[in-house]
**Q** 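Following this message is one structure expressed as structure tokens.
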Amino acid sequence: MAKRIREKAAIRQENADKRPRAVAKYVRISPDKVRIVLDIIRGVKYTDAVAILKNTQKAACEPLLKVLNSAAANAENNLSLSKSDLYVAECYANAGPILKRIRPRAKGSAARINKRTSHITVVLDVKAE
């Protein structure tokens, strides 16, 4: 039994994605709002993506910039890659848990308010020339 578990772990580690990545979980912004900005920076060089995020006036830009910088730091420190060679290979925002709240309405009824959260993932890669 233990041998099989070790074999499976070795296979999983071989097939693991070696690209630098960063994940921000439970970010209190709707995934739909984050995806609008993610579509802008997908496939763009790291330095250009940072410039775009700093000059775009969307609420999602601040947490996205943090995740992007974290992924670049992971690439630099863990894989010894240069920040100038990196580009945004993948980026996506999945839905996290929804905080459900209630708002009083007319005649004693109530309306549901959904406060959505996101899990933001950014994967960087080196441009092959």
**Q** Applying side chain to side chain contact (heavy atoms under 4.5 Å, CB included) to Leu81 and Glu76, what does each step give before you reach the verdict?
**A** CA-CA 5 Å; Leu81 300 171; Glu76 204 170 37; over 6 Å; no
**Q** What pair of heavy atoms forms the shortest contact from Ala59 to Pro63, and how long is it?
**A**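 That would be O-CD, 3.5 Å.
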**Q** Between Arg19 and Leu79, which heavy-atom pair has the shortest distance, and what is it?
**A**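 For Arg19 and Leu79, the tightest heavy-atom pair comes out as C-CD1, 4.4 Å.
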**Q** Can you confirm whether Lys83 is buried at NZ, in the sense that more than 12 heavy atoms of other residues, nucleotides or ligands lie under 6.0 Å from that atom?
**A**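 Check passes, neighbour count above 12.
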**Q** Can you tell me how far apart CG (Asp85) and CG (Asp125) are? Round to the nearest 0.5 Å.
**A**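 Reported to 0.5 Å precision, the distance equals 11.0 Å.
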**Q** How long is the span from the CD1 atom in Ile29 to the CZ atom in Arg116, to the nearest 0.5 Å?
**A**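 That separation rounds to 13.0 Å.
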**Q** How long is the span from the OG1 atom in Thr121 to the OH atom in Tyr92, to the nearest 0.5 Å?
**A**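 The OH atom of Tyr92 is 4.0 Å from OG1 of Thr121, to the nearest 0.5 Å.
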**Q** When hydrophobic residues are tied together by side-chain contacts of less than 4.5 Å, even through go-betweens, does Tyr46 share a cluster with Val123?
**A**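 Tyr46 and Val123: separate clusters.
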**Q** Can you tell me how far CG of Asn94 sits from CD1 of Ile120, rounded to the nearest 0.5 angstrom?
**A**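 One finds 10.0 Å between CD1 of Ile120 and CG of Asn94.
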**Q** What's the separation between atom CD1 in Ile40 and atom SG in Cys61, rounded to the nearest 0.5 Å?
**A**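 That separation rounds to 7.0 Å.
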**Q** Give the intermediate values and the outcome of side chain to side chain contact (heavy atoms under 4.5 Å, CB included) for residues Lys58 and Lys33.
**A** CA-CA 8 Å; Lys58 288 280 192 184; Lys33 293 178 183 178; over 6 Å; no
**Q** Determine whether a donor-acceptor pair (N or O, by modelled atom type, separation under 3.5 Å) exists between the side chain of His119 and the backbone of Ala24.
**A**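 No; zero donor-acceptor contacts below 3.5 Å.
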**Q** Might you confirm whether atom CD of Glu62 has over 12 heavy atoms from other residues, nucleotides or ligands at distances under 6.0 Å?
**A**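 Open.
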**Q** For atom NZ of Lys18, decide whether the heavy atoms of other residues, nucleotides or ligands shown that lie under 6.0 angstrom number more than 12.
**A**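 Count over threshold, so yes.
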**Q** Which heavy atom of Asn74 sits nearest a heavy atom of Ala22, and at what distance?
**A**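 Distance-wise, the nearest heavy atoms are ND2-CB, 4.2 Å.
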**Q** If you round to the nearest 0.5 Å, how far is CD1 of Ile113 from CD1 of Ile98?
**A**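 It comes to 13.5 Å.
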**Q** With a sphere of 6.0 Å drawn around CD of Gln13, does it hold more than 12 non-hydrogen atoms of other residues, nucleotides or ligands?
**A**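 No, because the 6.0 Å sphere around CD of Gln13 holds 12 heavy atoms or fewer from other groups.
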**Q** Taking C-beta and beyond as the side chain, do Ile52 and Val37 meet within less than 4.5 Å on heavy atoms?
**A**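 Result no, sub-4.5 Å side-chain heavy-atom pair not found.
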**Q** What residues form a side chain to side chain donor-acceptor pair (under 3.5 Å) with Ser84, not counting sequence neighbours?
**A**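 Side chain to side chain donor-acceptor pair (under 3.5 Å) check on Ser84 returns Ser82.
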**Q** So which atom in Tyr87 and which in Lys127 form the shortest heavy-atom distance, rounded to 0.1 Å?
**A**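 The pair with the smallest heavy-atom distance is CD2-CG, 3.6 Å.
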**Q** Please find the pair of heavy atoms, one from Leu86 and one from Ala72, that lie closest to each other, and give the distance.
**A**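 In terms of heavy atoms, the two residues are closest at CD1-CA, 4.3 Å.
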**Q** If every non-hydrogen atom of Cys91 is compared with every non-hydrogen atom of Ile41, which pair is closest and at what distance?
**A**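 Smallest interatomic distance, heavy atoms only, reads SG-CG1, 4.4 Å.
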**Q** Tell me every residue that passes side chain to side chain contact (heavy atoms under 4.5 Å, CB included) with Arg35, counting only those two or more places apart in sequence or in another chain.
**A**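 By the side chain to side chain contact (heavy atoms under 4.5 Å, CB included) rule, Arg35 matches Pro31, Asp32, Ala93.
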